[in-house]
Amino acid sequence: MFIQYIIIFFSLFAVYRAALRLKDKTISKREFGFWSFFWLIVIVATLAPNGLDRVAKFVGVGRGVDVAIYISIVVIFYLIFRILVRLDKIDKNMTQMVRKIALNNNKEKDEESGNSND
Amino acid sequence: MIFIIIPAYNEEKIIKDVVKSVKKFGQVVVVDDCSTDLTKQKAEESGAVVLSHVINRGQGASLQTGTDYALKNGADIIVHFDADGQHNPEEILSMTKPVVSGETDIVLGSRFLENTSNIPPVRRLVLRLAVLFTRFFSGINVTDAHNGFRVLSKKAAEQIKITQDRMAHASEILDEIIKHNLKYKEMPVQIKYTEYSMQKGQSSLAFINILKDLIWGKLFK
């Protein structure tokens, strides 16, 4: 099937992009390893769709491709959840920083003009 | 010592008047949430202590910043007061009395207790829904779940941590009251709905965002 070529090509391309990011230190070796492994699974699954069909039979789903899709969706939701939690943390950290700056600036302003706060 | 915390965002037109009207009741702390107008300068000119957020973080975040400052500077009583002129400064006396006397840790202003405010109908409905929602989710029985006029004792202010930066902080404060077992009471306050404040204020639909923030907060905190 033609789509196999497309998927394999894209997976190799994705690994290449990850390698570039590893080279300029945007991602760590561990992250690179994870993503390479992921795309490797994708390539293997594409080349041997029968393997997936056996899994599908085992879990009671129609086609191997469907299994892949179901699993992907679950994983995606989980990753999104992790991202949102992380964003929340970043937001809170930003507020704490902004708060510190506000209080510090005020303290400096006070010290400059020799004020007392009582 | 009484500190009056006024979180402000783009209120250059009215902030001076508001600060001047509450000055006699205590030390005024205006928290400028990165306004893009002259709010900061006007507040400084009117003689308030002005804390500045370098980026906009929200009313909840501003209140916590102001409260932190007040606690660091010897506050015994902390008043939360809106910057848009909707609150009546003369009520600060009656609102602070129960905390000063030690009768309660927290006084919450309620516009529904005496019904002297001219609440626009859609707003009234949304607020009533907010009360029901709060009753169900927070388990606290108040008549006004979203009122920015509050008085906290030093003890209460130290225990309550506002982590909801945006508008969900109002409900979060109620949650914190329950969580820390603080004594609270509601008192009637008058809300002045002027053309200025209505045009500046929350769209009633903003409550959907608040709901979302709260539910999210309950699930993941």
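A, B, ... follow the sequence lines: proteins, then strands. Residue 1 opens every chain.
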Exercise for review: List the atom of Ala102(A), the atom of Ser52(B), and the distance in Å for their closest heavy-atom pair.
Suggested key: CB-O, 3.2 Å
Revision key, fill the gap. Note: Asn106(A) and Val50(B) closest approach over all heavy atoms is ND2-O, 3.8 Å
Review point. Can a salt bridge be assigned to the pair Asp165(B) and Lys92(A) using a cut-off of 4.0 Å between side-chain N and carboxylate O?
Key: no
State the [atom1]-[atom2] distance between [X] and [Y], to the nearest 0.5 angstrom.
X         : Y         : atom1 : atom2 : value
Asn105(A) : His53(B)  : CG    : NE2   : 11.0 Å
Thr65(B)  : Gln96(A)  : OG1   : CD    : 10.5 Å
Thr163(B) : Asp91(A)  : OG1   : CG    : 11.0 Å
Glu44(B)  : Lys109(A) : CD    : NZ    : 4.0 Å
Thr95(A)  : Gln164(B) : OG1   : CD    : 10.5 Å

Exercise for review: Kindly write out the residues that satisfy side-chain hydrogen bond (donor to acceptor under 3.5 Å, both in side chains) with Glu186(B), not counting sequence neighbours, or none if the list is empty.
Suggested key: Thr143(B)
Are more than 12 heavy atoms from other residues, nucleotides or ligands located less than 6.0 Å from atom [atom1] of [X]?
X         : atom1 : answer
Ile3(A)   : CD1   : no
Lys179(B) : NZ    : no
Lys40(B)  : NZ    : no

Study note, to complete from the structure: With sequence neighbours left out, the residues meeting ring-ring contact (aromatic ring centres under 6.0 Å, His included) with Phe10(A) are Trp39(A)
Revision key, fill the gap. So, the part of Met97(A) with a heavy atom under 4.5 Å from chain B: the answer is neither
Revision key, fill the gap. Which of Asp68(B), Leu51(B), Val31(B) passes side chain to side chain contact (heavy atoms under 4.5 Å, CB included) with Arg99(A)? Answer is Asp68(B)
